[in-house]
There are 2 protein chains.
Amino acid sequence: MSHQPGLARMASLIADPAREAMLVALAGGRALPAGELAAAAGVSAQSASRHLHKLVEGGLLQVWSQGRFRYYRIADERVAAAIEALCDLATRPPRQRKRPPAQLCFARCCYDHLAGELGVALADGLAARGLVRMAGQEARFTGKGRAWLAAQGIPREDIALCMDWTERRPHLAGPGGRAILAHLLDRKLLRGADKAEPRALALTPKGRAWFAKTLNRK
Amino acid sequence: MSHQPGLARMASLIADPAREAMLVALAGGRALPAGELAAAAGVSAQSASRHLHKLVEGGLLQVWSQGRFRYYRIADERVAAAIEALCDLATRPPRQRKRPPAQLCFARCCYDHLAGELGVALADGLAARGLVRMAGQEARFTGKGRAWLAAQGIPREDIALCMDWTERRPHLAGPGGRAILAHLLDRKLLRGADKAEPRALALTPKGRAWFAKTLNRK
DNA sequence: GCGATGTTTCACCGCCGTGTGAAATGTCGC
DNA sequence: GCGACATTTCACACGGCGGTGAAACATCGC
């Protein structure tokens, strides 16, 4: 548990509306005196002074005294990059929903077989146990695999590989993949996760136990 | 003054030690249940629940219910990028001093002429007033420029351009640049800014007035 | 020198956010 | 169904942080 206390500390420096306004005002790279920054942030000179002191102490700003003026500026490009990244986050709502719901990432139907994290994990687990052999775009059950199918009561069919949309790794498809998904649904190891999203699948309690046994056992 | 209140809001979401620990624990991309995140952050389950709720509401995390467990994960790559940028900031101290002091950025001697922001501003200002014509790596005084030199009492010399180290833009160099700097120092419009840094220059009060007049007037 | 201006320091107050304990909700194993 | 477990909700008290006013400090123009 090696903490990185600095992360929260840096964030807390930006987490104030007045300091945010100052940093945004300085984002162009120009140096501005304390008074202008106070006006930009809409706070009194005293408040601004303390805010600026904190930002300098935290290494976000550099200060440069010139006569009775004190010019503040962004310390370096990394500070600007962090501010930009947070700005990107803050103005993100439109894209926020573009990402597929987490349910679809975890487990879903891909045409007629199991995809998502669970589908990839199943393919990996069966391969790790030597039940399936994967080579390039091809896959087939080994002898052990055929015995396992029989023990599970899953009809033996040819399997293929399908590149996963969210995981970018292959999962089991083809007639064999269809048979496995049918088996999982039939034995109520999987169920529909959401009425509004018919492709999303969720594990049942029995299903979790089955996957734990199937994937974890050496 | 178009605020971007979201920036401070996003930062405040990260600005808590417990939430920082949670985000760091999730930074690998894996999804973890609330209990594990509570343990990772070293807080009680109630506190963790509220922290996680805030992170989800703020769009930093996505939650996915599976039975009595609730799995949380980083919402998307942009969140990860922002966290990484802040982490970069937090672990930056060694490099912090690598950047040239602000004094050197503002005004300094470059061999024998004026460089830094002030040098670039002077070159731009003279060009904008039609006193200097810049073309590629070449520069020369115009007729108006020669009159201005005479009025200032600066001897007329050929000028060259020098690419600025910090500004990445050209400033005036060569014999003319040297004469200008000598004039500015001689009339006490500029002075040494720091004993420890002989190249750093600072404006005197008179110098500020002179630059304001020289640069701002149409 | 003097007043004016830009900036900082100090002490005080109010508020928001967090931790905590008790209790409610939803889900699993039996 | 019942107890166990993971998680959430609620109400409350504490602490820290920011805003404000008064005053000190530094510098410029004259």
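Chain identifiers are assigned alphabetically (A, B, ...) following the order of the sequence lines, protein sequences preceding nucleic acid strands; residue numbering begins at 1 within each chain. Side chains included, hydrogens not; waters and symmetry mates left out as well; all remaining heavy atoms used.
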Protein-nucleotide distance (Trp64(A), atom CH2; dT27(D), atom P), rounded to Å: 14 Å

Whole-Å gap separating P (dC17(D)) and CZ (Arg9(A)): 12 Å

Residues which pass side chain to side chain donor-acceptor pair (under 3.5 Å) with Ser49(A), listed by chain and number, not counting sequence neighbours: none

Any residue meeting side chain to side chain contact (heavy atoms under 4.5 Å, CB included) with Lys206(B), in chain and number order, not counting sequence neighbours: Leu189(B), Thr204(B)

Pro33(A): partners by side chain to side chain contact (heavy atoms under 4.5 Å, CB included), with sequence neighbours left out: Glu36(A), Phe69(A), Tyr71(A)

Rounded interatomic separation in angstrom, taking CG from Leu32(B) and P from dT7(D): 11 Å

Short side-chain N/O contact to dG19(C) OP1/OP2 from His51(B), under 4.0 Å: yes

Lys206(B) vs dG29(D): side-chain N/O to OP1/OP2 distance below 4.0 Å: no

5′-ward residue of the pair Ser12(B)/Thr204(A) relative to DNA chain C: Ser12(B)

Ile14(A) CD1 to dC17(D) C1', straight-line distance once rounded to whole Å: 17 Å

Under 3.5 Å donor-acceptor, Asp76(A) side chain and Val79(A) backbone: yes

Atom-pair distance (CZ on Arg191(B); C1' on dC28(D)), nearest Å: 13 Å

Donor-acceptor contact below 3.5 Å, side chain Arg19(A) vs main chain Ser12(A): yes

Results of side chain to side chain contact (heavy atoms under 4.5 Å, CB included) for Ala85(A) - residues two or more places apart only: Ala82(B), Ala85(B)

Side chain of Asp16(B) (C-beta onward), nearest among dC17(D), dG29(C), dT18(C): dT18(C)

Atom pair distance, as rounded to whole Å: CG in Leu55(B) and P in dT7(D): 15 Å

Close side-chain approach of Val63(B) to His53(B), heavy-atom, < 4.5 Å: no

Rounded to 10 degrees, the angle between the two terminal axes of the helix from dG1(C)-dC30(D) to dC30(C)-dG1(D), each from five pairs: 40°

Contact pattern, 5' to 3', of nucleotides 1-9 of chain C - B, S or - by protein heavy atom under 4.0 Å: ---BBSSBB

Check: residues 144-152 of chain B side-chain donor-acceptor pairs under 3.5 Å, at least two apart:
{"from": "Lys144(B)", "atom 1": "NZ", "to": "Arg129(B)", "atom 2": "O", "distance (Å)": "3.1"}
{"from": "Arg146(B)", "atom 1": "NH1", "to": "Phe141(B)", "atom 2": "O", "distance (Å)": "3.3"}
{"from": "Gln152(B)", "atom 1": "OE1", "to": "Trp210(B)", "atom 2": "NE1", "distance (Å)": "3.0"}

Glu57(B) CD to dT9(D) P, straight-line distance once rounded to whole Å: 11 Å

Partner set under side chain to side chain contact (heavy atoms under 4.5 Å, CB included) for Ala38(A), not counting sequence neighbours: Ala48(A)

